[in-house]
Undergrad: 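So that we are looking at the same thing, I have put the structure below in C-alpha coordinates.
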Amino acid sequence: KHIIAPPKDIAEVKNAYEIYELMDSAGNLIDAYAVGNYEGKDTEVIIPSTWKEKPVIKILDSTFEGNDKITKVTIPASVQVIGKKAFAECTKLKTVVFNEGSELKEIGEEAFLLCSSMKNFAIPEGVIKIGASAFYQCIAMSEMLVPNSVSSIGKAAFTNCSSLTSVVI
(Lines give C-alpha, C1' and ligand atoms only; values in the text may rest on other atoms or scores of the structure.)
Protein backbone atom coordinates (compact mmCIF):
# COMPACT_ATOMS: atom_id res chain seq x y z
CA LYS A 1 0.00 0.00 0.00
CA HIS A 2 1.32 3.42 -0.92
CA ILE A 3 0.94 6.44 1.30
CA ILE A 4 1.66 10.04 0.37
CA ALA A 5 4.76 11.27 2.11
CA PRO A 6 4.31 14.20 4.50
CA PRO A 7 4.30 17.64 2.81
CA LYS A 8 7.98 18.20 3.66
CA ASP A 9 8.75 15.27 1.35
CA ILE A 10 7.26 16.85 -1.76
CA ALA A 11 10.09 16.23 -4.16
CA GLU A 12 9.57 19.11 -6.60
CA VAL A 13 7.16 20.66 -9.02
CA LYS A 14 7.36 19.58 -12.68
CA ASN A 15 5.11 20.65 -15.55
CA ALA A 16 2.42 21.98 -13.18
CA TYR A 17 2.35 18.77 -11.07
CA GLU A 18 3.68 18.26 -7.63
CA ILE A 19 5.87 15.17 -7.50
CA TYR A 20 5.61 13.14 -4.29
CA GLU A 21 7.84 10.52 -2.81
CA LEU A 22 5.99 7.39 -1.75
CA MET A 23 6.24 5.30 1.38
CA ASP A 24 5.15 1.77 2.11
CA SER A 25 2.80 0.97 5.00
CA ALA A 26 5.76 0.78 7.40
CA GLY A 27 6.83 4.33 6.54
CA ASN A 28 9.82 3.38 4.42
CA LEU A 29 10.46 5.37 1.24
CA ILE A 30 10.08 3.32 -1.92
CA ASP A 31 11.88 3.89 -5.20
CA ALA A 32 8.94 5.48 -6.99
CA TYR A 33 6.99 8.72 -7.25
CA ALA A 34 3.43 9.97 -7.62
CA VAL A 35 1.98 13.00 -9.39
CA GLY A 36 -0.58 15.23 -7.72
CA ASN A 37 -2.20 18.65 -7.60
CA TYR A 38 -2.14 19.49 -11.30
CA GLU A 39 -2.37 23.27 -11.78
CA GLY A 40 -1.66 23.49 -15.52
CA LYS A 41 -3.88 24.91 -18.21
CA ASP A 42 -3.04 22.49 -21.04
CA THR A 43 -5.85 20.76 -22.91
CA GLU A 44 -3.70 17.69 -23.64
CA VAL A 45 -1.70 16.31 -20.74
CA ILE A 46 1.03 13.65 -20.74
CA ILE A 47 1.78 12.22 -17.31
CA PRO A 48 5.53 11.70 -16.86
CA SER A 49 6.71 8.10 -16.71
CA THR A 50 9.77 8.82 -14.57
CA TRP A 51 11.16 11.41 -12.20
CA LYS A 52 14.83 11.40 -11.23
CA GLU A 53 15.23 8.06 -12.99
CA LYS A 54 12.53 6.39 -10.87
CA PRO A 55 9.06 5.42 -12.09
CA VAL A 56 5.91 7.44 -11.54
CA ILE A 57 3.48 4.77 -10.33
CA LYS A 58 0.50 6.68 -9.02
CA ILE A 59 -1.84 9.52 -9.89
CA LEU A 60 -2.91 10.85 -6.50
CA ASP A 61 -6.46 11.46 -5.32
CA SER A 62 -8.11 14.54 -6.86
CA THR A 63 -5.06 15.40 -9.03
CA PHE A 64 -7.18 16.78 -11.91
CA GLU A 65 -10.54 17.04 -10.14
CA GLY A 66 -12.74 19.78 -11.59
CA ASN A 67 -10.30 20.70 -14.37
CA ASP A 68 -12.43 22.28 -17.11
CA LYS A 69 -9.70 22.49 -19.77
CA ILE A 70 -8.23 19.01 -20.18
CA THR A 71 -9.55 17.09 -23.20
CA LYS A 72 -6.96 14.31 -23.47
CA VAL A 73 -4.61 12.59 -21.05
CA THR A 74 -1.88 10.06 -21.78
CA ILE A 75 -1.00 7.74 -18.91
CA PRO A 76 2.41 6.04 -19.02
CA ALA A 77 2.85 2.29 -18.65
CA SER A 78 4.49 2.79 -15.24
CA VAL A 79 1.32 4.04 -13.51
CA GLN A 80 -0.22 1.31 -11.33
CA VAL A 81 -2.93 3.29 -9.49
CA ILE A 82 -5.32 6.04 -10.50
CA GLY A 83 -6.44 7.57 -7.22
CA LYS A 84 -9.88 8.47 -5.91
CA LYS A 85 -11.47 11.34 -7.87
CA ALA A 86 -8.24 11.73 -9.89
CA PHE A 87 -10.19 12.98 -12.95
CA ALA A 88 -13.61 13.60 -11.37
CA GLU A 89 -15.64 16.38 -12.96
CA CYS A 90 -13.23 16.87 -15.87
CA THR A 91 -16.22 17.69 -18.03
CA LYS A 92 -14.26 18.24 -21.26
CA LEU A 93 -12.12 15.09 -20.97
CA LYS A 94 -12.81 13.03 -24.09
CA THR A 95 -9.80 10.73 -24.45
CA VAL A 96 -7.70 8.69 -22.04
CA VAL A 97 -4.74 6.89 -23.63
CA PHE A 98 -2.82 4.18 -21.79
CA ASN A 99 0.68 3.57 -23.14
CA GLU A 100 1.53 0.09 -24.38
CA GLY A 101 2.57 -2.30 -21.62
CA SER A 102 0.40 -0.58 -19.02
CA GLU A 103 0.97 -1.79 -15.45
CA LEU A 104 -2.28 -0.26 -14.18
CA LYS A 105 -3.87 -2.38 -11.43
CA GLU A 106 -6.48 -0.11 -9.87
CA ILE A 107 -8.91 2.63 -10.90
CA GLY A 108 -9.97 4.38 -7.71
CA GLU A 109 -13.41 5.34 -6.46
CA GLU A 110 -15.04 8.12 -8.47
CA ALA A 111 -11.87 8.37 -10.60
CA PHE A 112 -13.79 9.51 -13.70
CA LEU A 113 -17.02 10.64 -12.01
CA LEU A 114 -19.01 13.13 -14.14
CA CYS A 115 -16.58 13.05 -17.07
CA SER A 116 -19.51 13.89 -19.29
CA SER A 117 -17.59 14.19 -22.60
CA MET A 118 -15.90 10.75 -22.61
CA LYS A 119 -17.42 8.49 -25.27
CA ASN A 120 -15.23 5.37 -25.14
CA PHE A 121 -12.92 3.89 -22.56
CA ALA A 122 -10.65 0.84 -22.81
CA ILE A 123 -9.40 -0.42 -19.45
CA PRO A 124 -5.92 -1.92 -19.88
CA GLU A 125 -5.32 -5.64 -19.43
CA GLY A 126 -3.99 -6.26 -15.92
CA VAL A 127 -6.39 -3.98 -14.07
CA ILE A 128 -7.80 -5.87 -11.09
CA LYS A 129 -10.04 -3.33 -9.37
CA ILE A 130 -12.51 -0.70 -10.55
CA GLY A 131 -13.64 1.42 -7.61
CA ALA A 132 -17.17 2.39 -6.63
CA SER A 133 -18.71 5.06 -8.87
CA ALA A 134 -15.52 5.09 -10.97
CA PHE A 135 -17.42 6.10 -14.12
CA TYR A 136 -20.57 7.43 -12.48
CA GLN A 137 -22.62 9.65 -14.78
CA CYS A 138 -20.27 9.54 -17.76
CA ILE A 139 -23.33 10.35 -19.83
CA ALA A 140 -21.66 10.40 -23.28
CA MET A 141 -19.92 7.03 -22.87
CA SER A 142 -21.25 4.54 -25.38
CA GLU A 143 -18.64 1.77 -25.16
CA MET A 144 -16.57 0.32 -22.33
CA LEU A 145 -13.93 -2.38 -22.76
CA VAL A 146 -13.24 -4.34 -19.54
CA PRO A 147 -10.44 -6.94 -19.57
CA ASN A 148 -10.72 -10.41 -18.04
CA SER A 149 -8.17 -9.41 -15.39
CA VAL A 150 -10.78 -7.31 -13.54
CA SER A 151 -11.94 -9.22 -10.47
CA SER A 152 -13.62 -6.41 -8.53
CA ILE A 153 -16.08 -3.77 -9.74
CA GLY A 154 -17.32 -1.40 -7.07
CA LYS A 155 -20.90 -0.40 -6.44
CA ALA A 156 -22.40 2.00 -9.01
CA ALA A 157 -19.22 1.92 -11.13
CA PHE A 158 -21.21 2.56 -14.32
CA THR A 159 -24.41 4.07 -12.89
CA ASN A 160 -26.12 6.78 -14.96
CA CYS A 161 -23.96 6.15 -18.02
CA SER A 162 -27.11 6.77 -20.02
CA SER A 163 -25.48 6.37 -23.48
CA LEU A 164 -23.69 3.14 -22.64
CA THR A 165 -24.80 0.57 -25.21
CA SER A 166 -21.85 -1.83 -25.12
CA VAL A 167 -19.69 -3.29 -22.38
CA VAL A 168 -17.15 -5.76 -23.73
CA ILE A 169 -15.51 -8.10 -21.22
Side-chain angles (χ1 to χ4, degrees), residues 1-7 9-25 29-115 117-118 121-136 138 141 144 146-147 149-150 152-154 157:
K1 181 168 179 143
H2 303 294
I3 301 171
I4 303 171
D9 290 331
I10 293 175
E12 292 187 43
V13 176
K14 179 183 194 262
N15 296 335
Y17 302 99
E18 289 179 356
I19 307 289
Y20 292 82
E21 294 178 306
L22 293 172
M23 291 186 279
D24 63 19
S25 58
L29 286 175
I30 61 172
D31 286 336
Y33 290 101
V35 295
N37 300 325
Y38 180 77
E39 296 291 332
K41 299 191 184 326
D42 295 329
T43 58
E44 294 189 9
V45 175
I46 300 172
I47 307 241
S49 60
T50 60
W51 177 250
K52 295 186 178 182
E53 300 178 13
K54 295 178 184 172
V56 171
I57 64 168
K58 186 172 185 178
I59 301 170
L60 296 176
D61 296 354
S62 303
T63 294
F64 295 91
E65 185 178 9
N67 184 301
D68 63 355
K69 296 187 179 12
I70 186 173
T71 61
K72 179 180 179 182
V73 64
T74 301
I75 299 175
S78 61
V79 169
Q80 298 173 16
V81 177
I82 297 175
K84 181 178 181 179
K85 293 188 174 185
F87 296 95
E89 298 181 49
C90 290
T91 57
K92 293 184 180 173
L93 181 60
K94 292 180 181 178
T95 308
V96 178
V97 176
F98 293 96
N99 284 346
E100 189 174 333
S102 176
E103 297 176 18
L104 189 66
K105 301 290 181 227
E106 179 179 340
I107 298 173
E109 293 179 12
E110 302 177 351
F112 295 94
L113 172 98
L114 296 168
C115 289
S117 296
M118 255 191 331
F121 197 95
I123 297 171
E125 183 65 45
V127 170
I128 297 166
K129 180 180 179 183
I130 300 171
S133 301
F135 297 92
Y136 183 88
C138 291
M141 188 173 310
M144 170 65 67
V146 180
S149 59
V150 173
S152 172
I153 298 176

Undergrad: Over all heavy atoms of both residues, which pair between Glu125 and Ser149 is shortest? Give the atoms and the distance, please.
TA: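 Smallest interatomic distance, heavy atoms only, reads OE2-CB, 3.4 Å.
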Undergrad: When rounded to the nearest 0.5 angstrom, what distance separates CG in Leu113 from CD in Glu89?
TA: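 If we round to the nearest 0.5 Å, Leu113:CG and Glu89:CD are 6.0 Å apart.
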Undergrad: When rounded to the nearest 0.5 angstrom, what distance separates CD in Glu21 from CD1 in Ile30?
TA: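 Separation between the atoms: 10.5 Å.
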Undergrad: Quick check: do Tyr33 and Lys52 have side-chain heavy atoms less than 4.5 Å from each other?
TA: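 Side-chain contact under 4.5 Å: yes.
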Undergrad: Under the side-chain hydrogen bond (donor to acceptor under 3.5 Å, both in side chains) rule, what pairs show up with a residue in residues 62-78, not counting sequence neighbours?
TA: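 Those involving residues 62-78 are Ser62-Glu65.
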Undergrad: I need the Glu18 CD to Asn37 CG distance, nearest 0.5 Å.
TA: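 Spacing of CD (Glu18) from CG (Asn37) equals 4.5 Å.
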Undergrad: Can you list everything that forms a ring-ring contact (aromatic ring centres under 6.0 Å, His included) with Phe121? Sequence neighbours excluded, please.
TA: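 In terms of ring-ring contact (aromatic ring centres under 6.0 Å, His included), with neighbours along the sequence ignored, Phe121 is linked to Phe98, Phe112, Phe135.
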Undergrad: Work out which heavy atom in Leu93 is nearest to a heavy atom in Cys115; give both atom names and the distance.
TA: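 Looking at all heavy atoms of both residues, the shortest contact is CD2-SG, 4.3 Å.
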Undergrad: Taking all atoms of both residues into account, what is the closest heavy-atom pair of Ala134 and Gly108, and its distance?
TA: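 Minimum heavy-atom contact is CB-O, 3.8 Å.
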Undergrad: Can you list the residues that meet the salt bridge (charged side-chain N to carboxylate O under 4.0 Å, His left out) rule with Lys54, with sequence neighbours excluded?
TA: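 Lys54 satisfies salt bridge (charged side-chain N to carboxylate O under 4.0 Å, His left out) with Asp31 once adjacent residues are dropped.
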Undergrad: Hey, are the side chains of Phe87 and Val96 touching, using non-hydrogen atoms and a 4.5 Å cut-off?
TA: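 Side-chain contact under 4.5 Å: no.
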Undergrad: Excluding sequence neighbours, so at least two apart, what forms side chain to side chain contact (heavy atoms under 4.5 Å, CB included) with Ile153?
TA: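 Ile130, Val150, Ala157, Phe158.
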Undergrad: Kindly say whether Gly83 contributes a backbone atom to a donor-acceptor pair with the side chain of Asp61 at under 3.5 angstrom?
TA: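 Here the side-chain-to-backbone pair does not exist.
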Undergrad: Check Pro147 against Ile123 and note the closest heavy-atom contact, atom names and distance.
TA: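 Heavy-atom minimum between the residues: CD-O, 3.4 Å.
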Undergrad: A side-chain contact here means heavy atoms from C-beta on lying under 4.5 Å apart; do Tyr38 and Ile47 qualify?
TA: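 Side chain of Tyr38 against side chain of Ile47, heavy atoms only: no contact under 4.5 Å found.
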Undergrad: In Å and rounded to the nearest 0.5 Å, what is the CE to SG distance from Met118 to Cys90?
TA: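 Answer for the CE-SG pair, Met118 versus Cys90, is 9.0 Å.
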Undergrad: Does some side-chain heavy atom of Leu104 sit less than 4.5 Å from a side-chain heavy atom of Ile75?
TA: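 Heavy-atom side-chain distance check fails, nothing below 4.5 Å.
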Undergrad: Measuring from Glu110:CD to Lys85:NZ, what's the distance to the nearest 0.5 Å?
TA: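 If we round to the nearest 0.5 Å, Glu110:CD and Lys85:NZ are 4.5 Å apart.
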Undergrad: Using the test side chain to side chain contact (heavy atoms under 4.5 Å, CB included), find all partners of Lys94 that sit at least two apart in sequence or belong to another chain.
TA: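 With neighbours one apart ignored, the set is Ser117.
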Undergrad: Working to the nearest 0.5 angstrom, can you tell me the gap between Gln80 CD and Glu103 CD?
TA: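 That separation rounds to 5.5 Å.
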